[in-house]
There are 2 protein chains.
Amino acid sequence: MNTEASLRKERADVIRNRAKILHAAEVHFGSSGVGASLEAVARAAGVGPATLYRHFPTREALLAALLRIHRDRLLARQRELDELSDAGEALRGWLLGLEEYFGLFQGISEPLVAAARSGDTDHPLAGSCQELISATDRYLTSAQRDGRARPDLDGLDLFIAVSAVSWIAGTGTADTASVAKLRTLFEFGYLTE
Amino acid sequence: MNTEASLRKERADVIRNRAKILHAAEVHFGSSGVGASLEAVARAAGVGPATLYRHFPTREALLAALLRIHRDRLLARQRELDELSDAGEALRGWLLGLEEYFGLFQGISEPLVAAARSGDTDHPLAGSCQELISATDRYLTSAQRDGRARPDLDGLDLFIAVSAVSWIAGTGTADTASVAKLRTLFEFGYLTE
DNA sequence: ACCTGAACACCGTTCAAGT
DNA sequence: ACCTGAACACCGTTCAAGT
């Protein structure tokens, strides 16, 4: 019976460590981008570097865990958009939301696009990508059925396009007009009518 | 008179070191991207790290010097394009050439866009950007005059768009179709008729 | 004047040693 | 089983010492 107690105690420790690491990563990635020092994250979490590596063997695994936490925002956004009658507007709204989501952590576009383009299903970020691309596909297909979007595109294409806009947004803060124009350029490209 | 001789000798040394550094950087940046280790570049050049820093105080300054060396390719490309009668095709050709130019070193888009968007004329890469954006403006203006390009765009907008395509191209090699589709998406956005 | 290499502070990652 | 902190190899950057 004390095996159960000690088991419970150990688990509590592990869970607490995991939560501390995730919280510290959320803060550091949020302020310094996804390239933030993992050593600094471990230090802020009050654990040794090896503990961080045990929980999250790669930086991408840590990022994937963070993204999973923010998933609810995306789901809420989807419920909102599904009320819209105009499939073109729903697609546009989804892509704007995706762009906002990418704004969570600076530098997030790079690993996500790399994971998506590699086609490697074992990549730590493969799950996150898959989810985002599938949803994009869903809105795109609806819009295409209504003749509101070009037919020769798929979800990955638009996922990549949004990543590119987010990446540009992350390269500077002075000049917001350029980002808006790039977004418009894309909209002219994929929307019809 | 031996002051002149020693001066000449010292200059030869400096020039040789500069050339060795540039050559090593060309090789390393070419194979590992613009984020390559500057220490490794200095080692390959056979100079101490401080010598590299004396010649090129920042990574961007070194990159700017490398880009200046490749400038002739761009000028040749311009001469070629100026023969075209269709201003829309000339613009498209210029942007394709720009994309190719960005392919010289992986990761080149990021510092260039950052420099361009910052608007800082003292930035080490400001000169390189200025040159590229001006040329883009020239082809865009011609195309706009012929009604072949959207009027609400400027050279910086298209420079950024091309940077984004190049950035995507650098995120993976497996999947070349995605890059082509992104490029087409942009062309639908900025070309008219 | 220019170069050298040592020096400092930092980071990613791993491993033996602890509990 | 899990954690710790020392350890290793690497890097960017600077500085005293050399020529």
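Labels below follow one simple rule: chain letters A, B, ... track the order of the sequence lines, proteins then strands, and each chain is numbered from 1.
At the phosphate of C:dC3, OP1 or OP2 sits under 4.0 Å from a side-chain N or O atom of B:Asn17. Of the side-chain N and O atoms in B:Arg43, one or more sit less than 4.0 angstrom from OP1 or OP2 of D:dC11. The shortest distance between the side-chain N/O atoms of A:His55 and the OP1/OP2 oxygens of D:dC3 is below 4.0 Å.
Taking atom CZ of residue A:Arg16 and atom P of nucleotide D:dC2, one finds them 14 Å apart after rounding to whole Å. Atom CZ in A:Phe56 sits roughly 17 Å away from atom C1' in C:dT13 (whole-Å rounding). Remark: C1' of D:dA17 and CZ of B:Arg54 are 13 Å apart, rounded to the nearest angstrom. Note: CG (B:Leu38) to C1' (C:dC10) measures 16 Å, nearest angstrom. Taking atom CG of residue B:Leu62 and atom P of nucleotide D:dT13, one finds them 12 Å apart after rounding to whole Å. One can place CD of A:Glu60 at 13 Å from C1' of C:dG12, the figure rounded to the nearest angstrom. At whole-Å resolution of the value, CZ in A:Arg59 and P in C:dC11 are 11 Å apart. If you take CG of B:Asp13 and C1' of C:dC2, they are 8 Å apart, rounded to a whole angstrom.
Across all strands shown, the partner of C:dT14 is D:dA6, judged by Watson-Crick or G-U wobble contacts whose two distances both fall under 3.5 Å. When both pairing distances are held under 3.5 Å, C:dA1 makes a Watson-Crick or G-U pair with D:dT19.
With hydrogens and angles ignored, the 3.5 Å screen pairs no side-chain donor or acceptor of A:His23 with any backbone N or O of A:Ala19.
Taking the charged nitrogens against the carboxylate oxygens, A:Asp82 and A:Arg138 do have a contact shorter than 4.0 Å, which makes a salt bridge.
The cationic group of B:Arg150 lies under 6.0 Å from the six-membered ring centre of A:Phe188 and within 45° of the ring axis, placing it in a cation-pi geometry.
Ring geometry for A:Trp94 against A:Tyr139 counts as parallel: the plane angle stays under 30°, on a 0 to 90° scale with 60° as the upper cut. Relative orientation of the B:Trp167 and A:Trp167 rings is parallel, given thresholds of 30° and 60° on the angle between their planes.
Among D:dT4, C:dT13, D:dT14, the nucleotide with an atom closest to any side-chain atom of B:Pro49 is D:dT14.
Summary of the strand contacts: A:Gly48 and A:Glu39 both lie near DNA chain D, and taking for each the nucleotide with the nearest heavy atom, the more 5' one is attributed to A:Gly48.
Within 4.0 Å (heavy atoms only), A:Ser37 reaches sugar-phosphate atoms of the nucleic acid but no base atom.
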